[in-house]
There are 2 protein chains.
Amino acid sequence: MTEDGRLLRGERTRTAVLDRALPLATTAGLDGLSLGQLADTLGISKSGLFAHWRSKEALQLAVIDHARQQWTDEVIRPGMTAPRGVRRLWAVHDRRLAFYEDGHLPGGCFFANANFEYNARPGVIRDRLAVQLSDWMAFLTSLATDAIEVGDLRPETDAAGIAYETESLGVCAVMQAPVLGPVTFRHARHALHEHLRVLATDPTLLPELT
Amino acid sequence: MTEDGRLLRGERTRTAVLDRALPLATTAGLDGLSLGQLADTLGISKSGLFAHWRSKEALQLAVIDHARQQWTDEVIRPGMTAPRGVRRLWAVHDRRLAFYEDGHLPGGCFFANANFEYNARPGVIRDRLAVQLSDWMAFLTSLATDAIEVGDLRPETDAAGIAYETESLGVCAVMQAPVLGPVTFRHARHALHEHLRVLATDPTLLPELT
DNA sequence: CTACAAAACGACCGACCGTTCGTAAATAAA
DNA sequence: TTTATTTACGAACGGTCGGTCGTTTTGTAG
């Protein structure tokens with residue numbers, strides 16, 4: 001950081017590298033990510049990457065953190081603008097699906113891909129992914145708990161079950177979309193909509209589905 | 001094939017190779033599968049593999065077909081022994097979960113891993129995986145349609161929606177199990193159980209869940 | 001301007017990758 | 001047994017991988 005608050009050159013480089021590495025890792029896999037290819041598409045040298053990260057693994061961890069930041073900005077934060085309760089739960093679900101629906105992201109969901117890539121490879125990377133997954137499930141559960149507390153959902157509702165169903169519908173959508181097309185997002189929306197409508201004390205809190 | 005019906009030596013070798021390649025590909029990825037490592041663990045030479053498959057890609061396709069055969073034997077066929085209707089749909093769901101629940105398969109579900117690995121990589125392999133996924137979803141849908149036809153599920157039930165929900169619960173379970181443990185299988189069972197119970201004309205067709 | 005540290009580079013390394021090829025062993029049919 | 005074919009091997013190839021090292025360029029601070 002310079003004295004007038006501007007970013008150092010290195011900081012700008014790191015951000016540019018991670019911005020480019022994230023889609024590459026989403027497409028080729030976090031392990032299949034090639035440092036040579038990454039450097040080439042950025043117009044810098046491969047050895048130059050090692051001036052910012054000591055190893056490929058260190059860069060991979062940085063990519064995970066970068067993806068998490070993007071997830072927070074694009075899914076969680078917009079969803080949190082909805083009023084507390086079932087509307088907020090729905091907003092997060094809808095926002096997540098919308099994030100992938102138009103297909104502007106090559107490779108689909110980074111976290112889904114990475115979790116499946118590493119679910120049989122113990123190590124630092126899987127640990128970092130596991131933390132993200134745990135936190136995300138805890139967040140979804142807290143949304144469901146909130147919805148019960150404010151009276152949007154019936155008291156006997158299973159908050160963890162709602163969270164699991166929400167997550168499963170989202171994950172399946174990003175898996176099937178490249179093969180089966182946009183209908184998967186329709187299913188992912190309708191299924192949770194139906195489920196929440198049954199459990200809701202006031203079904204009008206949920207938007208109409210086309 | 002010899003005249004008395006025994007397998008040729010090559011046929012035995014091919015089966016042994018695929019038996020070993022399937023767990024390796026499930027763990028390291030279909031692309032990450034190393035021919036050298038595969039040959040080493042089998043006690044044969046790397047070049048010997050090329051006597052049976054012309055390229056790595058050809059072997060990868062064979063692995064997919066092998067996995068599909070295993071899936072048919074271990075999930076579909078046992079599930080089909082249940083009586084037609086909602087009990088058969090439930091049996092397939094339960095059988096699929098049980099197949100992964102005890103963790104005797106290193107790397108989780110081959111098809112889930114492979115689909116996420118290749119969902120952004122067009123080509124012969126993704127095409128083969130897409131056929132498998134389409135067929136599987138069509139199979140699940142046909143089970144739901146059957147259940148409606150025999151009167152187990154209410155006539156207005158959305159068969160494709162049931163199929164999508166069944167698949168999503170299963171996929172999410174194999175993704176989360178290594179991180180969150182067996183509770184994910186409990187969620188996957190309870191969610192579909194609850195859903196089917198609501199839609200069933202006779203809830204007693206479904207087994208009690210512990 | 002000088003001094004210093006951050007940043008980027010090119011050349012190179014050993015390891016592993018998928019693949020080819022000529023040859024030898026094993027097994028089938030005659 | 002002889003013959004033909006299948007199966008397997010060892011050696012080698014070009015290429016890519018992550019990573020190291022010494023050097024040069026770039027930008028900041030004094």
Side-chain angles (χ1 to χ4, degrees), chain A residues 1-22 24-25 27-64 114 117-118 121 123-126 128, chain B residues 1-22 24-25 27-64 114 117-118 121 123-125:
Chain A
M1 185 78 77
T2 60
E3 56 185 17
D4 59 349
R6 286 179 298 110
L7 292 176
L8 279 179
R9 183 160 70 121
E11 198 59 36
R12 274 186 284 119
T13 302
R14 275 187 284 274
T15 303
V17 169
L18 293 178
D19 280 340
R20 187 79 198 93
L22 182 52
L24 281 178
T27 305
L30 199 49
D31 189 64
L33 174 67
S34 157
L35 298 189
Q37 183 181 331
L38 173 61
D40 283 349
T41 70
L42 283 164
I44 67 176
S45 69
K46 189 172 58 165
S47 53
L49 292 174
F50 287 87
H52 300 279
W53 295 276
R54 72 178 68 187
S55 65
K56 179 180 182 178
E57 190 179 73
L59 193 149
Q60 290 171 312
L61 291 174
V63 169
I64 295 176
E117 187 180 2
Y118 279 90
R121 302 194 207 172
V124 197
I125 294 184
R126 200 188 76 163
R128 183 82 54 113
Chain B
M1 183 79 75
T2 62
E3 55 184 20
D4 59 349
R6 286 182 297 111
L7 291 177
L8 281 177
R9 184 161 70 120
E11 198 59 37
R12 275 186 283 119
T13 301
R14 277 186 283 275
T15 303
V17 169
L18 293 178
D19 280 341
R20 188 76 198 97
L22 182 51
L24 281 179
T27 305
L30 199 48
D31 189 64
L33 174 66
S34 156
L35 298 188
Q37 183 181 330
L38 172 60
D40 283 349
T41 68
L42 283 164
I44 68 176
S45 69
K46 191 171 53 166
S47 52
L49 291 174
F50 286 86
H52 300 279
W53 295 277
R54 73 180 63 187
S55 64
K56 180 180 182 178
E57 189 179 74
L59 194 150
Q60 291 171 312
L61 291 175
V63 169
I64 295 175
E117 187 180 0
Y118 280 89
R121 301 194 209 172
V124 197
I125 295 184

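All values reported here derive from a predicted model rather than from experimental measurement. Lettering follows sequence order; numbering is per chain, from 1.
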Could you pull out all donor-acceptor pairs under 3.5 Å where a side-chain atom in residues 35-44 of chain B meets a protein atom, sequence neighbours excluded?
unit_1	atom_1	unit_2	atom_2	d
Thr41(B)	OG1	Arg20(B)	NE	3.4
Thr41(B)	OG1	Leu38(B)	O	3.1

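A close approach under 4.0 Å does occur between a side-chain nitrogen or oxygen of Thr13(A) and OP1 or OP2 of dA8(C).
Atom CG of Leu30(B) sits about 8.0 Å away from atom NZ of Lys56(B), to the nearest 0.5 Å.
Atom CD of Gln60(A) and atom C1' of dG18(D) are 11 Å apart (whole Å). Distance, Leu38(B) CG to dC16(C) C1': 15 Å, rounded to whole Å. Between Leu24(A) atom CG and dC17(D) atom P there is a gap of 12 Å when expressed in whole angstrom units. As a whole-Å value, the separation of Leu59(A) CG from dC17(D) P is 15 Å. Between the P atom of dG15(D) and the CD atom of Gln37(A) lies a distance of 17 Å, rounded to the nearest Å. Here the C1' atom of nucleotide dA5(C) and the CD atom of Glu11(A) are 16 Å apart, to the nearest Å.
Inter-residue side-chain proximity for Arg121(A) and Asp31(A) is flagged as met; some heavy-atom pair is nearer than 4.5 Å.
In this structure a side-chain-to-backbone donor-acceptor pair under 3.5 Å is missing from Glu117(B) to Gly29(A). Not a single donor-acceptor pair under 3.5 Å links the side chain of Glu57(B) to the backbone N or O of Ile125(B).
The stretch residues 42-57 of chain A touches DNA chain D through Lys46(A), Ser47(A), Phe50(A), Ser55(A), Lys56(A), each having a heavy atom within less than 4.0 Å of the strand.
Leu33(A) comes within contact range of the sugar-phosphate backbone alone, with a heavy-atom separation under 4.0 Å but no base atom that close.
The two residues Leu33(B) and Ala21(B) have their closest heavy-atom pair at CD1-O, 4.3 Å.
With DNA chain D read from its 5' end, the first of the two nearest nucleotides for Leu35(A) and Arg14(B) is the one closest to Arg14(B).
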